[in-house]
Visitor: 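Just dropping this structure here.
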Amino acid sequence: MSSSTSLWSPLRQPAFRGLWLCGGVFFVGNGMQAMAAAWLMVELTGSSFLAALVQTAVFLPMFLLALPAGVLADTNDRRRLISGALIAQTAAFALLTLLVLLGWGGPATVLLLVFVGGCCTAMLTPAWNSSVIDPVPRDEWPQAITAVSIAYNAARAVGPTLAGLVFAHWGAGWVFAISVLSTLVMWESIRRWPPKAHPPSRLPAERLWGGMLSGLRFAWHSDLILAQLVRVMAFGAAGSALWALLPVIAQRQLGTGAQGFGLLMGCLGTGAVTAGLLLGKVRARFSLDTIVLVSGLVFAGAMVVAALTKIAPLVYLAMLLGGAAWMSAMSTFNTATQASAPPWVRSRAVALHMVAALGAFALGSAFWGAVSDVAGLAPTLCAAAVAMGVGLLLARPMPLRMGALHEVTPATPWDELFIEAEPLPEAGPVAVEIGYRITPGTDAAFLESISRLKAPRRRDGATFWRVYKDLGQPSRYVERFIVESWADYLHQRARATVADQTLETEVRAFLAPGQTTTMSHYIAER
């Protein structure tokens, strides 16, 4: 296979291979912990809703904390951030282990400590996801991200299966103890292969709130990222029904215990791993939208099978296919998101992907669990399958594609800042005006071209953008945009990509012979 499709290419890098293996151990531990907590909740309460809330406790922190964690990962030492979160998670799971072994772990205690562990995972994930591919060349990122997805989904196969065996023989407490050890393995990998340090910058550091707004603004004004986030949210919300209700499917549809539940999870994970091994070849032949469409239809079919049949082999086969479909779609979304974000916002793009996918997953789990308690298991899964089909219709208004290299490569600003005295970083708002004297008769084409600058200006920091015509000089136009502070303006200039400069070159091609652009900066005084 060529490097463009070979899954093994990134694994030749020792640092990536080490992080990948230790990350896989960590994922196995998390999968064991989630399975044991869900089945323990079934044994303690018998409630579908409370069992589904375990998934919510695991993934809701992603919705709440992923974006702040992404800002911290983009602006701070990622090694310290990951290590701190892992130490806190070790403490939480060690306490959960002790309480369950002593028989003091009730439903509220289990949910609380699982939620704390989920918060720790949310804080470290953007930093880890953006740093694990650091040792890999950019053209091998899709394979590296697929390899990470395989490790994650293999953990969904191995973790629950192993947890079912341990749970059946020794109880939930020892499952949680193993998850503590897996967290320590992850911590050792970060110590041995620390993430690359961010390149030095003379720009003022972004603050947490401002960094969050920058990430949200980038996603909102980037067609590529916005389409991926909306699509993954729809897919995750509908698909969460199957994952959340697996304990109920095992207990009520198939009449099995913890080992049967673990086998269902194992089938999903095994299907995902199998799909991951073939995904490179599939991507080389089919578009992203085709992969997501087929994956959504297959996963919806798996939910219908789980809803309408009690034949165990048929359900297990449906879970295998469903796992393959889930892996194919989610890995496609993740790869497209990371490949479409420039370096300054990549961790935040990962975080927003998590917010969209896992936030929808967490809220969807609670929703489908509540619906199942009221309407029953089969109608709920059928309704989720219909919702999955409806979500696939988003392909027409929001198509998927990966960002090209020139769309994420930073460029050097070509206009110097001719100012007498530089304002303080917090001074502002700042208004910027760029004047264009264009060739007469090209107004319509010029306005059409310059209107495309609105998205990158707003995406990189502008809160306002507009083009004005000079009434005294009809061939002169002024582009005007506003940013919140001088620091924000400096960051905006540094965020321009090669694609942005290409677009500016197209706009400047309309200048009249012998003319150049003029740039003025204004700082608010009142």
Side-chain angles (χ1 to χ4, degrees), residues 30 33-35 37-38 41 45 47-70 107-108 110-123 125-126 152 156 212 215-216 219-220 225-249 268 292 296 299-300 303 322 326 329-330 333-334 337 350-377 379-394 398:
N30 276 5
Q33 172 264 325
M35 179 274 169
M41 197 64 65
T45 67
S47 168
S48 299
F49 177 65
L50 290 178
L53 273 187
V54 171
Q55 294 290 334
T56 302
V58 171
F59 294 116
L60 183 59
M62 302 292 184
F63 182 80
L64 300 175
L65 299 176
L67 184 53
V110 172
L111 282 175
L112 174 62
L113 291 175
V114 168
F115 180 77
V116 172
C119 290
C120 296
T121 302
M123 291 301 296
T125 300
Y152 178 76
R156 287 192 170 222
M212 291 171 60
L216 291 170
W220 182 253
I225 299 295
L226 184 61
Q228 292 150 15
L229 296 181
V230 172
R231 298 282 300 279
V232 77
M233 188 183 303
F235 198 97
S240 65
L242 183 63
W243 295 98
L245 295 173
L246 270 184
V248 186
I249 295 170
L268 282 165
V292 172
F299 198 84
M303 288 194 284
W326 186 267
M330 286 300 183
F333 289 130
N334 189 14
T337 299
V350 172
L352 287 169
H353 174 85
M354 292 166 53
V355 169
L358 299 182
F361 192 96
L363 297 176
S365 295
F367 173 77
W368 296 117
V371 172
S372 178
D373 274 348
V374 174
L377 177 64
T380 300
L381 289 173
C382 290
V386 172
M388 176 68 75
V390 172
L392 296 175
L393 298 178
L394 291 169
M398 293 185 167

Visitor: Which heavy atom of I249 sits nearest to which heavy atom of L242, and what is that distance?
Guide: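 That closest heavy-atom pairing would be CD1-CD1, 3.7 Å.
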Visitor: Mind running side-chain contact (heavy atoms from CB on, under 4.5 Å) on L64 and F115 for me, showing each step along the way?
Guide: CA-CA 11 Å; L64 300 175; F115 180 77; 4.3 Å; yes
Visitor: Determine whether V374 and V371 satisfy the following criterion, side-chain contact (heavy atoms from CB on, under 4.5 Å), listing intermediate values before the conclusion.
Guide: CA-CA 5 Å; V374 174; V371 172; 5.9 Å; no
Visitor: Quick one: does M303's side chain get under 4.5 Å of C382's, heavy atoms only?
Guide: no
Visitor: What's the separation between atom CZ in F361 and atom CE in M233, rounded to the nearest 0.5 Å?
Guide: 15.0 Å
Visitor: Using a 3.5 Å distance criterion without hydrogens, assess whether the side chain of W368 forms a donor-acceptor pair with backbone atoms of L363.
Guide: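 Here the side-chain-to-backbone pair does not exist.
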Visitor: About how many Å separate CG of L216 and CE of M212, when rounded to the nearest 0.5 Å?
Guide: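 Between M212 CE and L216 CG, I get 6.5 Å after rounding to 0.5 Å.
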Visitor: Which of these passes side-chain contact (heavy atoms from CB on, under 4.5 Å) with V114: V116, L112, L111, V110?
Guide: V110
Visitor: Please check this pair: side chain of Q228 against backbone of T337, looking for a donor-acceptor N/O pair closer than 3.5 Å.
Guide: yes
Visitor: On a heavy-atom basis, which atom in A244 and which in P247 lie closest, and how many Å separate them?
Guide: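 Heavy-atom minimum between the residues: O-CD, 3.5 Å.
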Visitor: Can you see which heavy atom on G369 is nearest to which on L245, and at what distance?
Guide: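 Here G369 and L245 meet closest at CA-CD2, 4.2 Å.
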Visitor: Would you find a donor on one side and an acceptor on the other, under 3.5 Å apart, between the side chain of R231 and the backbone of M398?
Guide: yes
Visitor: Minimum heavy-atom separation for A234 to G391, with atom names?
Guide: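 Nearest heavy atoms, A234 then G391: CB-CA, 4.3 Å.
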Visitor: Check S240 against S365 and note the closest heavy-atom contact, atom names and distance.
Guide: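 Closest pair (atom of S240, atom of S365, distance): OG-N, 3.5 Å.
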Visitor: State, yes or no, whether a side-chain contact exists between W243 and L268 at a heavy-atom distance under 4.5 Å.
Guide: yes
Visitor: Working to the nearest 0.5 Å, report the span between CZ of F299 and CE of M388.
Guide: 5.5 Å
Visitor: Would you name the heavy atoms of L352 and A219 that are closest together and state the gap between them?
Guide: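 Distance-wise, the nearest heavy atoms are CD1-CB, 3.7 Å.
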